[in-house]
Protein chains: 2
Amino acid sequence: MAPSGTESRRVTIHDVARSAGVSRQTVSRALNDKGEIHGSTKQRVLDAALALGYRPSRFARGLVRQDTISVGLVIPDLLNPFFTEVAAAALEAARARGWHVLVYDTADSADEERGTLEVIASQVDAVVGYFSRPEDEIEKLTRGVPVVLIDRERRTDRFSSIRIDGEDGVRAAITHLAAAGHRHIGMLDHAGRAEPSVRHAWFAAATAACGLDAGPVRRADQSVEGGESALAALLAEHPEVSALFTFNDIMAIGALRAARRLGRRVPRDLAVIGFDGLRLGTLVEPPLSTVALDTRSLGALAVEQAGRLLTGGEPLGPDELVVRAELRLRESG
Amino acid sequence: MAPSGTESRRVTIHDVARSAGVSRQTVSRALNDKGEIHGSTKQRVLDAALALGYRPSRFARGLVRQDTISVGLVIPDLLNPFFTEVAAAALEAARARGWHVLVYDTADSADEERGTLEVIASQVDAVVGYFSRPEDEIEKLTRGVPVVLIDRERRTDRFSSIRIDGEDGVRAAITHLAAAGHRHIGMLDHAGRAEPSVRHAWFAAATAACGLDAGPVRRADQSVEGGESALAALLAEHPEVSALFTFNDIMAIGALRAARRLGRRVPRDLAVIGFDGLRLGTLVEPPLSTVALDTRSLGALAVEQAGRLLTGGEPLGPDELVVRAELRLRESG
DNA sequence: CGGCAATTCGTGAACGTTCACGGGAGCGTT
DNA sequence: AACGCTCCCGTGAACGTTCACGAATTGCCG
């Protein structure tokens, strides 16, 4: 059947044409279901194509008809459920538009991110995702392609960004904890960057607004283990802490584990509120309270904006490129 | 700066050449860091390219140098942690080879799967993933491209498949339960296909080998909710059941929830053992015992075989295309 | 000053497909 | 018999890039 295996010259439309005794154009007509072709010849061409194992070149095809659009989705760690949810949403939005999505997992490594960016510009029509590299470098490496940054500020004619606004949600969370009588609220921040996160700033503002002293903050790895050990350390230093806010749900789940290990009952001895609103939070025991954000619309927004930058349509403004987080109370706090 | 926004003709290498006062080839040399070009002209070309917002066409480039390889990864549901882990492994394996991966989430829908298959053959060099459609249809739609099926049998020169062998692992699990004194072991099977799953066959064989009667089986949706409601129904009908094996970990986690809701303590009143070995299983309470399989090597194997089919190398044989599952005991059973 | 090599650059061709156009065969109408 | 129409089918061109080759310029050495 198909002449596979041995390395040889590619089977082209020309070979099929010769084999079927017709011209290239007729082969093209047969394969693309265009009209202007006799039923019998069409069948003959199709048979010949199958017999030769012909497969059209996507490059040649893409070169002449400029229709297929593909976007690159860059994710630091697909195994992190938060990014998984965003990726799933982006995939769905892209599918609805008939786009193709190339996914790149940078493994939380700045080097891998660089390598990805280097290669990506020549492979996709637009880039969407999370980046940690300095902006001018991203700008240089993605030469020409529209870029949509998630959870990071940057706006030019080619760059766009989706802002995550958790200010109200975090304030609601802290207010809730304060109302429940908690006076010492700690936080587990992430340790990725040098400076404290924006979420920490929201936390600090919220505690101040509630008339509380600034609670102790500990930086941790963005993982369950990171949250687990960080909470243990924090409680060892500040045993008076009775409530906890974390940078994200993953770390909060680690905190839950640490609390269980330390014999602190949640939420009685320690109230825990995370950030992200992962589905995963409903599976742990007790179910995790969280400042939830709509990952679905996050991914969808990013793709939508990429499309607008791409087609030259009216891009969304800063007011529309925001995803707001809101407090979702479950049992842990 | 870059002439973005307005829809116009594409900026080609020719435009850059004219703007810089050189030939196409010189532009190509400058952009691809080839030698045979003077430093100053190179810079001049680069400046001109930047000013015009030039971006090489991946189609034209791909047409002439046949180096870029991209594979399509088809997944029923990226939000299912099992598939996420496989996808992450596949991405990593592909990255190591310098390949690009186009990810398609078929949303567990046969129609979406069909749509994906239709479009995929003309966009990738190989296909890897999970499929539910009949084989002859897959064969017809993927005309020409090598395909690697995961957890499904099929072997021709173009098709390959990765087998999941959980026989020993499941037998170990059931043996363990029987040794702990359980006489009535139920199972939650999946409800996707018409016929019972292979995992059910392993389960049945294992119970028989332990000298137990065939335990009650209930079919359920592949989700936490599915497992939750199915266990409730199973226990209502068969209250004597004291141990449970499930088609996968997700359903097992649902079973854990149901048990808690019903006041059955795990593992004292009900022992639970899942299948898959998800990381997620370590986060729930109690940690889930499971017949674990190495998702990492699963994804890596699939990509490896795709590569061999693609380059005409010696493909892996059936004995190598197997991922064995082994019992991993934690607290739930 | 001639010759030769090294360096730098340009020209035709090729990659494999589709688009625009034109042409021939067959049939019916006037 | 001439004309027009429909139905098929083929030919040149174009898409945008890189490759193979040749030409022009420069520098060096005898």
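Just so it is clear, the values below take in all heavy atoms, side chains as well, and ignore hydrogens, waters and symmetry mates. None of the values given here were measured: they were computed from a predicted structure. Every chain is numbered from 1, with letters handed out A, B, ... down the list of sequences.
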**OP:** Just compare C:dG16, D:dC9, C:dT17 and give me whichever is closest to any side-chain atom of A:R61.
**Re:** C:dT17
Subject >> Separation of atom CG in A:N32 from atom P in C:dG16, rounded to whole Å >> reply: 17 Å
Original post:
Given C:dT8, C:dT18, C:dA13, which nucleotide is nearest the side-chain atoms of A:R24?
Top reply: C:dT18
**OP:** Enter the distance from A:E304:CD to A:I162:CD1 here, rounded to the nearest 0.5 Å.
**Re:** 9.5 Å
Original post:
Any idea which heavy atoms bring A:Y104 and B:R95 closest together, and the distance?
Top reply: CB-NH2, 4.3 Å
Original post:
With respect to the side chain of A:Y54, which nucleotide from C:dT17, D:dT17, C:dG10 is positioned closest?
Top reply: C:dT17
Original post:
To the nearest angstrom, how far is A:R58 atom CZ from C:dC15 atom P?
Top reply: 18 Å
Subject >> Length of the line joining A:Q25:CD and D:dA14:P, which is rounded to integer Å >> reply: 16 Å
Subject >> N/O (side chain, A:T41) to phosphate O (OP1/OP2, D:dC9) under 4.0 Å >> reply: yes
Original post:
In whole Å, what is the span from the CD1 atom of B:I37 to the C1' atom of D:dC19?
Top reply: 16 Å
**OP:** Take A:R296 and A:E85, measure what salt bridge (charged side-chain N to carboxylate O under 4.0 Å, His left out) needs, and give me the verdict at the end.
**Re:** CA-CA 7 Å; A:R296 206 180 159 74; A:E85 292 188 12; over 6 Å; no
Original post:
To the side chain of A:R65, which of C:dC19, C:dG10, C:dT17 is closest?
Top reply: C:dC19
Subject >> Length of the line joining A:H38:NE2 and C:dA25:P, which is rounded to integer Å >> reply: 17 Å
Original post:
Does B:R44 or B:Q66 map to a spot on DNA chain C nearer the 5' end, using the closest nucleotide for each?
Top reply: B:R44
**OP:** Measure from the side chain of A:V64, starting at C-beta and using heavy atoms only, and say which of D:dG16, D:dC15, D:dT18 lies closest.
**Re:** D:dC15
**OP:** Output all residues satisfying ring-ring contact (aromatic ring centres under 6.0 Å, His included) with B:F83, sequence neighbours left out; order by chain, then residue number.
**Re:** B:Y130
**OP:** Could you check whether A:K42 gets within reach of a base, just the sugar-phosphate, or nothing at all, counting any heavy atom under 4.0 Å?
**Re:** nothing
**OP:** May I ask you to verify if any side-chain N or O of B:K34 is less than 4.0 angstrom from the OP1 or OP2 atom of D:dC19?
**Re:** yes
Original post:
If you look at every heavy atom in B:E139 and B:F159, which pair is closest and at what distance?
Top reply: CA-CZ, 3.6 Å
Subject >> Under-4.0 Å salt bridge between A:K42 and A:D33 >> reply: yes
Original post:
For the base of D:dC9, is there a side-chain donor-acceptor partner from A:E36 under 3.5 Å away?
Top reply: yes
**OP:** Would you tell me if any nitrogen or oxygen in the side chain of A:T26 comes within less than 4.0 Å of OP1 or OP2 on D:dC9?
**Re:** no
Subject >> Side-chain N,O (B:S23) to OP1/OP2 (C:dC9) below 4.0 Å >> reply: no
Subject >> Spacing of B:F59 atom CZ relative to C:dA14 atom C1', expressed in whole Å >> reply: 19 Å
**OP:** Looking only at side-chain atoms of A:L63, point me to the closest of D:dC19, C:dG16, D:dT17.
**Re:** C:dG16
**OP:** Check the distance between C:dT17's C1' and B:Q123's CD and give it to me in whole angstrom.
**Re:** 14 Å
Subject >> Contact nearer the 5' end of DNA chain C, comparing A:H14 with A:R29 >> reply: A:H14
Original post:
Over how many whole Å does the gap from B:I13 atom CD1 to D:dC15 atom P extend?
Top reply: 14 Å
